[in-house]
**Student:** 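Structure incoming, see below.
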Amino acid sequence: MAKNLLIVESPAKAKTIEGYLGKDFLVKSSYGHIRDLVKTDDAIDTEDNFKQKYEVPSDKKSVVSELKKLAKEAEMVWLASDEDREGEAISWHLYETLALKDDKTKRIVFHEITKPAILSAIEKPRKIDFNLVNAQQARRVLDRLVGFELSPVLWKKVKPSLSAGRVQSVAVRLIVEREREINRFEAEASYKIVAQFTTGKGREQFKAELPHRFERKEDAAQFLNDCIQASFSIASLEKKPAKRSPSAPFTTSTLQQEASRKLGFSVARTMQVAQRLYEAGRITYMRTDSVNLSDTAINAAEQEIVNAYGEKYHKLRRYKTKSAGAQEAHEAIRPTYFSEHSIDGDNAERRLYELIWKRAIASQMSEAEFEKTTAKIDVSTRSEDLVATGEIMKFDGFLKVYMESSDDDSENTQDQEGDNALLPPLEKGQALSLKAMNATQRFSRPPARYTEASLVKKLEELGIGRPSTYAPTISTIQNRGYVVKEDRDGRERHYTVLTISEQQVLEELKTETTGAERSKMFPTDIGVLVNDFLVEHFNDIIDYHFTAKVEKEFDEIAQGDKEWTAMLKDFYGPFHHGIQDTLENADRASHERELGVDPASGKPVTVRVGRFGPLVQIGAADDEEKPRFASLRKGQMIETISFEEAMDLFKLPKKVGEFEEKEMTVAIGRFGPYIRHASAFYSLPKGVDPMEVSEDEAIQIIKEKRQKDIEKVIRVFEENAEAQIENGRWGPFIRLGKQNVKIPKGTDVDKITYEDVLKWADADPKGKAAAAKKAGAKATTKKATTKKTTAKKTTTKAKK
DNA sequence: CAGTGAGCGAGCTTCCGCTTGACTT
């Protein structure tokens, strides 16, 4: 039996550390927190100094009982959870729950998982820091009070099952306010002048721009006109050295941002893949706010850089964390072994590893050096100069391995090209000949909508949320229906281009698409409704600076300068008063808007949030004639929908004709426009206007879809016509009546027998359940739900 | 998957942070 039991938070960490410590140490994991507040409303007694009721959640029971047993047998228990607020609290909960003895318990901390760091930590044990524990309790209790008092207000004043909290509500607010900024935004047009020159002697071309833009088309045209007769020469030539430095190695937030931009991963996907890399021992811990590298890592990186690229590519760098509220219990995210430039694994794992490796290696490399050339070009007929810039890389430095991408939208690519182009050799006074020149109308751009990753970045800047909660928070606000991540089509916009052609200024009208979005965060009507309600009644809680303010107080508690219950009392008094006041006096939240009067019936047209989401209604509920309803579509919101758009919603569904003696109807559903024919649905191809579909077109669409369905089928089994192999979105699968059957990995699809199908179908209980649900869903939906709730009721009663 | 469009009545929903599987699609 081991003399010492050492407890850390993560099992992967435990395995590594066990290797560093001899057989005298048994290293186990607590799997994070082992205790939490009970889930009921009586978890905190606000009348009695915020006394808490804790319990071991059911999924932690076995962990706790095992640790309890091992602790009893050990001579010494070492609590080695992370050195931050939460880590200290985990140690304290372990101490309490495992009923440890003071003289048999030691608390140690380390920031990096290396043998020397751990050995030296063991040399310097300490006691549990109760100031830090109290700071955590204050945090935990405050979050519970806020969440569990605010949410029920929403149930009563908005709609059941909604939620609010210190973190999620601010995340939603950011998205709602950004959307409003975009709606308010009015683009300003200006004309940008770009010229193409050739040097007198060679045929080498380069681009130059006018540094300022013209607001009026006439002024831009005048400039072009003046250039027709002008002569051009180099007025001045300036060369300046420039440097670019690498970024710090990844934290959770920067990893999520880069993986989103470069690999197109959602933040949840990034964390899943990183978790696998961590468990495989490929990278250090992936939930961290630290940019710090251990000395061993810095040395290993140096060795790898010198080996692979040479001495001059290396530069030792130490990075400082900038973000608010960083607790830095871990290292930055880096490869465990810098010598492994790439790894085995699936595609996602390989790509994410490579990103992490490059970023960490680059962070210890030298600057890239450039020579930046700026040439001013005199226009004989005008006072202002055109400017050409070029950049030559003198030394690639860290760019040899890593180039960070930026958040900039790729819309308006014509604005960006030519920025870092090469210039031909030029001399001062040299004459140039103009090859082409144009003035293009450009528009100012509204602030960018958030992506999942840029929202995380913003939250981190505000000090809201932690590395372990960024991804879950993003999921929560989507699951609650406050925001959606989706693509939206842009709209067409005309812009003017003036060019010089045959000694004349020509004007041309071109078209571009603007405002198209891919995978962006949009608020929903319910998100807007809840946000506005919270802003009206609880502005101080969902203020961007609320977290920063309470964090400062948590820090004071952690320093021992403040008493945690006193802090909570100061907060809770006014907060609870606000809750009661709102419950008693506030109106039900509503965004109802009257858009106008229906010309056909003379009845009012209103938009509001209904039981199944946002809708337009013609007429009132108490009218003799029943009101007519229509759901809003993707991209439409109560706040911004126009009367015309609202009325258009009533033009569908529309009969378009007959096919095979059955009616065809065009309508728009949750997933876009479709044709309904018999019992089948056929999506309309992109770009087809559902209002304009003719009978012939509809028939064509149905025929094409049927043909495609036939092509999807690879094989039909002779034994059973309901069994067939199909090409699905994720590869081949088997359709067996209503059940979808997965084909085991590595199977030769051509050799699958009907017996195989039955065998696999039988061995897949989930698939069976899904099929049963599908079959029964239609008829018994209502009955099933009532049954479910009564069943629940009895079990909860039985428990009590 | 998709067109709907609340009220006689019981109990449920909900927070943030720390961890990993056990789940479903």
Side-chain angles (χ1 to χ4, degrees), chain A residues 8-13 29-37 39-41 43-44 57 59-60 63 81-82 84-87 89-90 93 136 139-156 159-169 275 278-279 285 287 327 329 464-470 472-473 476 480 547 608-617 621 626-631 652-654 665-676 680-683 729-730 740 742 765-767 769-770 773-774 777-778 786 788-790 792-794 796-797:
Chain A
V8 293
E9 292 175 34
S10 142
K13 214 179 192 178
S29 153
S30 74
Y31 293 84
H33 274 294
I34 52 146
R35 249 191 354 177
D36 193 14
L37 294 173
K39 282 182 247 330
T40 44
D41 286 341
I44 296 152
D59 59 328
K60 291 293 169 62
V63 177
S81 47
D82 296 344
D84 58 15
R85 218 158 54 197
E86 299 297 328
I90 288 174
H93 282 303
Q136 192 273 345
R139 199 280 305 155
R140 181 68 189 90
V141 169
L142 181 131
D143 280 335
R144 168 58 69 86
L145 290 172
V146 168
F148 274 42
E149 296 211 3
L150 228 39
S151 302
V153 177
L154 298 180
W155 304 344
K156 182 139 184 251
K159 149 180 168 175
S161 304
L162 295 173
S163 67
R166 174 176 59 83
V167 172
Q168 58 169 285
S169 298
Q275 177 84 29
Y278 169 66
E279 283 168 11
Y285 197 55
R287 291 187 274 265
Q327 304 197 5
I464 299 171
R466 303 279 313 133
S468 66
T469 59
Y470 294 138
T473 300
T476 299
R480 293 270 175 277
T547 290
R608 63 184 172 93
V609 178
R611 175 115 160 62
F612 300 98
L615 62 94
V616 192
Q617 178 175 346
K626 271 199 170 180
R628 298 169 67 204
F629 298 97
S631 299
L652 292 172
K654 189 173 125 181
T665 319
V666 175
I668 296 187
R670 173 81 188 75
F671 302 93
Y674 64 94
I675 299 168
R676 173 85 196 257
F681 298 94
Y682 304 86
S683 298
R729 199 135 67 100
W730 296 288
N740 291 350
K742 219 189 265 177
K766 292 178 225 160
K773 210 168 132 193
K774 239 186 245 172
K778 287 250 160 78
T786 34
K788 216 165 120 193
T789 44
T790 43
K792 243 186 191 170
K793 212 189 305 173
T794 47
T796 44
K797 268 185 187 160

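Note on naming: letters A, B, ... go to the chains in the order of the sequence lines (proteins, then strands), and numbering restarts at 1 for each one. Scope of the values below: all heavy atoms of this structure, side chains included, with no hydrogens, waters or symmetry mates.
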**Student:** Tell me what A:Y278 touches on the nucleic acid: a base, only sugar-phosphate, or nothing, going by heavy atoms under 4.0 Å.
**Tutor:** sugar-phosphate
**Student:** By centroid distance (under 5.5 Å) and plane angle (under 30°), are A:F681 and B:dC1 in a stacked arrangement?
**Tutor:** no
**Student:** Given atom NE2 of A:H33 and atom C1' of B:dG21, what is their separation to the nearest angstrom?
**Tutor:** 19 Å
**Student:** What is the nucleic acid contact for A:T473, judged by heavy atoms within less than 4.0 Å: base, sugar-phosphate only, or nothing?
**Tutor:** nothing
**Student:** Which part of the nucleic acid, if any, lies within reach of A:V146 when heavy atoms closer than 4.0 Å are counted: base, sugar-phosphate only, or nothing?
**Tutor:** nothing
**Student:** Are the side chains of A:K654 and A:T665 in contact, using a 4.5 Å heavy-atom criterion?
**Tutor:** no
**Student:** Nearest whole angstrom, please: distance from the P of B:dA6 to the NZ of A:K626.
**Tutor:** 9 Å
**Student:** NZ of A:K159 versus C1' of B:dG7: gap in Å, rounded?
**Tutor:** 16 Å
**Student:** Syn or anti for B:dC8? Use the chi torsion, O4'-C1'-N9-C4 for purines and O4'-C1'-N1-C2 for pyrimidines, with syn inside 90° of 0.
**Tutor:** syn
**Student:** Can you tell me if A:S468 touches the phosphate of B:dC18, counting only side-chain N or O atoms and a distance under 4.0 Å to OP1 or OP2?
**Tutor:** yes
**Student:** Look at all strands and tell whether A:P11 reaches a base, only sugar-phosphate, or nothing, counting heavy atoms closer than 4.0 Å.
**Tutor:** sugar-phosphate
**Student:** Between B:dT13, B:dT14, B:dT19, which one does the side chain of A:Y285 approach most closely?
**Tutor:** B:dT19
**Student:** With a centroid cutoff of 5.5 Å and a plane-angle limit of 30°, would you call A:F148 stacked on B:dT14?
**Tutor:** yes
**Student:** Using the closest heavy atom to pick a nucleotide of DNA chain B for each, name whichever of A:S151 or A:S10 lands nearer the 5' end.
**Tutor:** A:S151
**Student:** Ignoring backbone atoms, test whether A:R466 places a side-chain nitrogen or oxygen under 4.0 Å from the OP1 or OP2 oxygen of B:dC18.
**Tutor:** yes
**Student:** In whole angstrom, give the distance that lies between atom CD of A:E9 and atom P of B:dT20.
**Tutor:** 9 Å
**Student:** What's A:D59 touching, base or sugar-phosphate or nothing? Going by heavy atoms closer than 4.0 Å.
**Tutor:** nothing
**Student:** From the list B:dA2, B:dC18, B:dT13, which nucleotide is the closest neighbour of the side chain of A:S683?
**Tutor:** B:dA2
**Student:** Atom CD of A:Q275 and atom P of B:dA22: how far apart are they, to the nearest Å?
**Tutor:** 13 Å
**Student:** Nearest 0.5 Å, what's the OG1-CZ distance between A:T547 and A:R139?
**Tutor:** 10.5 Å
**Student:** Looking at A:S163, does any N or O in its side chain come under 4.0 Å of the phosphate oxygens OP1/OP2 on B:dC15?
**Tutor:** yes
**Student:** So what does A:G465 touch, heavy atoms closer than 4.0 Å: a base, only the sugar-phosphate, or nothing?
**Tutor:** sugar-phosphate
**Student:** Whether the side chain of A:S151 engages the backbone of A:A164 through a donor-acceptor N/O pair (distance < 3.5 Å, no angle test) should be reported.
**Tutor:** yes
**Student:** Considering every strand and a 4.0 Å limit on heavy-atom distances, what is the contact class for A:L150: base, sugar-phosphate, or nothing?
**Tutor:** nothing
**Student:** Would you indicate what A:Q168 reaches in the nucleic acid, counting non-hydrogen atoms under 4.0 angstrom: base, sugar-phosphate, or nothing?
**Tutor:** sugar-phosphate
**Student:** So what does A:A164 touch, heavy atoms closer than 4.0 Å: a base, only the sugar-phosphate, or nothing?
**Tutor:** sugar-phosphate
**Student:** Over all strands shown, is A:R166 touching base, sugar-phosphate only, or nothing at heavy-atom distances under 4.0 angstrom?
**Tutor:** sugar-phosphate
**Student:** Let me know the distance between NZ of A:K60 and P of B:dA22, rounded to the nearest Å.
**Tutor:** 14 Å
**Student:** From the options B:dC15, B:dT13, B:dG17, select the nucleotide whose nearest atom is closest to the side chain of A:W155.
**Tutor:** B:dT13
**Student:** Look at A:Y674 and B:dC1 and indicate whether a side-chain polar atom (N or O) is within less than 4.0 Å of OP1 or OP2.
**Tutor:** no
**Student:** Give A:Y682 one of three labels, base, sugar-phosphate or nothing, depending on what nucleic acid heavy atoms sit under 4.0 Å from its own.
**Tutor:** nothing
**Student:** Nearest whole Å is fine: how far is B:dT19 P from A:E279 CD?
**Tutor:** 12 Å
**Student:** Which part of the nucleic acid, if any, lies within contact of A:G32, taking any heavy atom under 4.0 Å across all strands shown: a base, the sugar-phosphate backbone alone, or nothing?
**Tutor:** base
**Student:** Is any side-chain heavy atom of A:R287 closer than 4.5 Å to a side-chain heavy atom of A:Q275?
**Tutor:** yes
**Student:** Quantified in whole Å, what is the P atom distance between nucleotide B:dA2 and nucleotide B:dT25?
**Tutor:** 16 Å
**Student:** Looking only at side-chain atoms of A:T469, point me to the closest of B:dT4, B:dG17, B:dT20.
**Tutor:** B:dG17
**Student:** Below 4.0 angstrom from OP1 or OP2 of B:dT20, is there any side-chain N or O of A:R287?
**Tutor:** yes
**Student:** Need one value for A:R480: base, sugar-phosphate or nothing, where a base atom within 4.0 Å counts as base even if backbone is also close, heavy atoms only.
**Tutor:** sugar-phosphate
**Student:** Hey, are A:D82 and A:K13 close enough for a salt bridge, meaning a charged N less than 4.0 Å from a carboxylate O?
**Tutor:** yes
**Student:** Separation of A:L615 atom CG from B:dT4 atom P, in whole Å?
**Tutor:** 10 Å
